[in-house]
Amino acid sequence: MRYECIECGSIFPLEKKLYTCPKCGGLLEVEFDLEKVKEGLDTKFLETAPLSVWKYRPFMPILDDSKIVSLGEGGTPLYRCERLEEELGVRELYVKYEGANPTGSFKDRGMTVGVTKALEFGAKVVACASTGNTAASLSAYAAKAGLKCVVILPAGKVALGKLAQTVMHGARVIGIRGNFDQALAIVRRLCEEKDDIYLLNSLNPFRLQGQKSIGFEIADQLGFRAPDRVIVPMGNCANIWAIYKGFWEFREVGLIEDIPKMTGIQATGAMPIVEAIKLGLKEFRPVENPETLATAIRIGNPLNGPKALRAIRESNGTAEAVTDEEIVRAQKDLARLEGIGAEPASATTIAGLRKLLRVNAISEDESIVCVITGHILKDPQEIMEVSERPVEAPAEFEEVVRLLE
Ligand code: F0G
């Protein structure tokens, strides 16, 4: 196992605590000797053991198993969505429901690995900037590991459920009067200047290693087969890359034959990657003042933008942007046709699918998986704003019956 810079290709030993390439500042990726992993694979175990992040232990970059910090993450449902298939006009549609993770989002898959690495490196404090879910997840895993947790947030811009989790798990929370991109710049500097604070934003390559397991599980749940396409919301752009990497590694070791077309969705008010894909730009152009009701992905300068561009291009995928109105419609479709509760950022996947089908960028014959990244209860305020209020009535039978007519 080793770090590899995605820009200059330099290699570094995994025992070193690194976030970016010491030579060129590029993003780092963790690479394995996959031939060795392949030789050691227990296919019987893979076919029969229950799903979880740690089922795929040979693909996880841990040096000391005794340090593993787990809350039972992964093993989330893959729902076949027949009513949505009919509504949207597609043959085979699934939802990978990441809201079923311990803190209600996919971030837990990354944190089980990231916080384990924090212990391996001997850190006493962990830190992140967040639009909410990273904070909720990190604060829970830090609590489990007995580590202090520092969180920098855009004040007043984080959904209530996520903030509530973070404060209850005991993190030190600072809300800055600014946006996520500014919070991230502050926390990066903090971790550079204070060596005992370990950075757990998605610049940290180990978190992405845990998130790869979304790709592993989807393939596993389909009987060791890749779907034609996987649709993912993009904010800081780590997850789309991580899922791509999961499929890529499974193909390298011979567990699946193909890699799905990775398709990323952003909100129209925060769409730097979509713009770069549509215009064929080599590098994306950051958005100064990102805006969308999907606060989780209100990000203008995505840290892992270069990795997202690579995942989309190498897999022959695509990208699309959706409006707040389209997001709310998709959120209601998921909730009312399938019984699936999604936070707004997650519903972008269904909104994006609808749009891409309409412009014939996706064929109705494809098998498609939409990744629903976060639970509906993460953002209760948004739900009440976009839904009809319950009617009130006197506590009398006739009055209630009259209202139901
Ligand atoms: N969906 C949800 C629910 C998220 O919380 C996030 C990111 C994303 C999608 C996008 O994933 O950043 O890997 O492209 N939330 C981060 C946070 C930024 O701080 O919780 P990405």
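For ligands, and for the atoms within them, numbers begin at 1 and follow the listed sequence.
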| said: Assess whether a salt bridge exists between Arg354 and Glu326, defined as any Lys/Arg side-chain N lying under 4.0 Å from an Asp/Glu carboxylate O. | reply: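 So Arg354 does not pair with Glu326 through a salt bridge.
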| field | Sidechain N-carboxylate O distance under 4.0 Å for Glu31, Lys245 | value |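 Judged by the 4.0 Å cut-off on N to carboxylate O distance, Glu31 and Lys245 do form a salt bridge.
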With heavy atoms under 4.0 Å as the rule, classify the contact between [X] and ligand 1 as side chain, backbone, both or neither.
X: Ile297; result: side chain
X: Glu343; result: side chain
X: Lys107; result: side chain

| query | Do other residues, nucleotides or ligands put more than 12 heavy atoms under 6.0 Å from the CG atom of Asp64? | reply |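 Above 12, so yes.
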Run the numbers for me: atoms of ligand 1, each under 4.0 Å from some heavy atom of [X], listed by number.
X: Thr131; value: 15 (N), 16 (C), 17 (C), 18 (C), 19 (O), 20 (O)
X: Gly235; value: 10 (C), 12 (O), 14 (O), 21 (P)
X: Ser130; value: 17 (C), 19 (O), 20 (O)
X: Ala238; value: 13 (O), 14 (O), 21 (P)
X: Met234; value: 14 (O)

| Near-ring test Phe45/Tyr56, centroid separation under 6.0 angstrom |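 No, too far apart.
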Give me the nearest non-hydrogen protein atom to [atom] as residue plus atom name, then the distance to 0.1 Å.
atom: atom 13 (O) of ligand 1; answer: Asn239 N, 2.9 Å
atom: atom 12 (O) of ligand 1; answer: Asn236 N, 2.7 Å
atom: atom 14 (O) of ligand 1; answer: Cys237 N, 2.6 Å
atom: atom 2 (C) of ligand 1; answer: Thr373 OG1, 3.4 Å
atom: atom 20 (O) of ligand 1; answer: Thr134 N, 2.8 Å
atom: atom 4 (C) of ligand 1; answer: Ala296 CB, 3.6 Å
atom: atom 11 (O) of ligand 1; answer: Phe106 CZ, 3.6 Å
atom: atom 5 (O) of ligand 1; answer: Asn133 ND2, 2.8 Å

Hey, are [Y] and [X] close enough side-chain-wise for a donor-acceptor pair under 3.5 Å?
X: Thr76; Y: Lys96; answer: yes
X: Tyr79; Y: Glu338; answer: no
X: Trp241; Y: Glu29; answer: yes
X: Gln209; Y: Lys117; answer: no

| query | So do the side chains of Arg298 and Asn179 get within less than 4.5 Å of each other, counting heavy atoms only? | reply |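 No, their side chains stay 4.5 Å or more apart.
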| field | Side chain to side chain, Thr112 and Leu71, heavy atoms closer than 4.5 Å | value |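 No, side chains not in contact.
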| query | Is Lys17 positioned over the aromatic face of Phe121, cation under 6.0 angstrom from the ring centre and no more than 45 degrees off axis? | reply |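 No, Lys17 and Phe121 do not form such a contact.
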| query | Under 3.5 Å, side chain of Glu382 to main-chain N/O of Pro344, donor-acceptor pair present? | reply |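 No: the side chain of Glu382 does not pair with the backbone of Pro344.
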Close approach of [X] to ligand 1, heavy atoms, under 4.0 angstrom:
X: Trp241; result: no
X: Ile299; result: yes
X: Ser105; result: no

| Short N/O distance, under 3.5 Å, between Ala129 and ligand 1? |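 No; every N/O pair is 3.5 Å or more apart.
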